[in-house]
Chemist: 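One structure follows; several queries about it will come next.
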Amino acid sequence: MDKKLRSAVIAGNWKMNKTPAEASALIGEMIPLVKDADCDVVLCVPFVDLDAAMNAAKGSNIKIGAQNCHFEKSGAFTGEISADMLSSMGVEYVIVGHSERRTYFGDTDVTVGKRLKAALDAGLVGILCVGEYLEQRKQGITAELCAMQVKIALQGLTAEKLKNVIIAYEPVWAIGTGETATSDQAEEVCAVIRETVEAMFGKASADAITIQYGGSMNAKNADELLSKYNVDGGLIGGASLKAADFAAIVSAASK
Ligand code: 13P
């Protein structure tokens, strides 16, 4: 399988940053810098920024996503947003299972799987995040843990539904710390993730799925990380808040 045949996807995760006005301004700055990208470009913004972000990105190659969705269609879930609500407003992508959601808001492998299924049923592309804590890496259980997270989240999906899934490998110790996984570490776990998908859905599905690396990816290290066979893109936190830095990563993925 030629890696080039898979979709390369660079997605920004803005986390809890930017007001709607700031979102519009930043997207306006990014549009000319990423317009020639030879990869998919996505920005996952806070819920309240979605409308402004979609308006600002209109007519450009930037697609807009959210950072979470609930698994029920509606109901008594104060503070939550359903996948249908997102798709009804034209949102195309949603992150599920980010480690910050797992760590601070009680998301589990099972509820992450439910959120992913709801996202796919609503016609969204789901970006499923998996990854180990430093302690778990030291214990030597990274491969098993990431495989388990993937297996539980993808349980019960059809190969057809899987076409709308992106998996992001994000080692928790590399998120926001400036400490990036080496390209070999990223490749090793992304390969395990692809093998896990193959065992569940077969080789064609495994060959086709986009697997991103996330965790302190920046303009300097993107080239090296993205050169790896099983690393098809990036999920970018801090560097996605700066137009030039994000654009440099998009360029690295476009080679
Ligand atoms: P940083 O790029 O800031 O390390 O964040 C990565 C991340 O969590 C993306 O989802």
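The residues of the chain are indexed from 1 along the displayed sequence. Both counts, for ligands and for their atoms, begin at 1 and track the order of listing. Since this is a predicted model, take the numbers as computed values, not measurements.
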Chemist: Please name the residue in the list R6, K3, Q212 that meets the side-chain hydrogen bond (donor to acceptor under 3.5 Å, both in side chains) test with D232.
Modeler: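 Between D232 and the candidates, side-chain hydrogen bond (donor to acceptor under 3.5 Å, both in side chains) is satisfied uniquely by R6.
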Chemist: Using a heavy-atom cut-off of under 4.0 Å, does the side chain or the backbone of A168 touch ligand 1, or both, or neither?
Modeler: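 It is neither; nothing of A168 touches ligand 1.
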Chemist: Any atom of ligand 1 sitting under 4.0 Å from a heavy atom of G176?
Modeler: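 For ligand 1, residue contact (heavy atoms, under 4.0 Å) with G176 is present.
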Chemist: List ligand 1 atoms under 4.0 Å from H98, heavy atoms only on the residue side.
Modeler: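 Every atom of ligand 1 under 4.0 Å from some heavy atom of H98: 7 (C), 8 (O), 9 (C), 10 (O).
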Chemist: If you have a sec, work out which protein heavy atom is nearest atom 5 (O) of ligand 1 and how many Å separate them, to one decimal?
Modeler: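 Nearest neighbour among protein heavy atoms for atom 5 (O) of ligand 1, to 0.1 Å: K15 NZ, 3.3 Å.
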Chemist: Which atoms of ligand 1 are found less than 4.0 Å from any heavy atom of G238?
Modeler: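 Answer for ligand 1: 1 (P), 2 (O), 3 (O).
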Chemist: Would you mind telling me if ligand 1 is within reach of the side chain of L235, the backbone, both or neither, using heavy atoms under 4.0 Å?
Modeler: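 Both backbone and side chain.
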Chemist: Just need the protein heavy atom nearest to atom 2 (O) of ligand 1, so name the residue and atom and give the distance.
Modeler: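 Checked against all protein heavy atoms, atom 2 (O) of ligand 1 sits closest to G237 N, 2.9 Å.
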Chemist: A174 near ligand 1, heavy-atom distance under 4.0 Å?
Modeler: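 True for this residue.
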Chemist: Looking at side-chain heavy atoms only, is the closest gap between L162 and L154 below 4.5 Å?
Modeler: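 Contact flag for L162/L154 side chains = yes.
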Chemist: Heavy-atom contacts with E170 under 4.0 Å: which atoms of ligand 1 show up? List them by number with element.
Modeler: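 Selected atoms, number and element: 6 (C), 7 (C), 8 (O), 9 (C), 10 (O).
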Chemist: Near S216, which atoms of ligand 1 are under 4.0 Å from a heavy atom of that residue?
Modeler: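 Every atom of ligand 1 under 4.0 Å from some heavy atom of S216: 1 (P), 2 (O), 4 (O).
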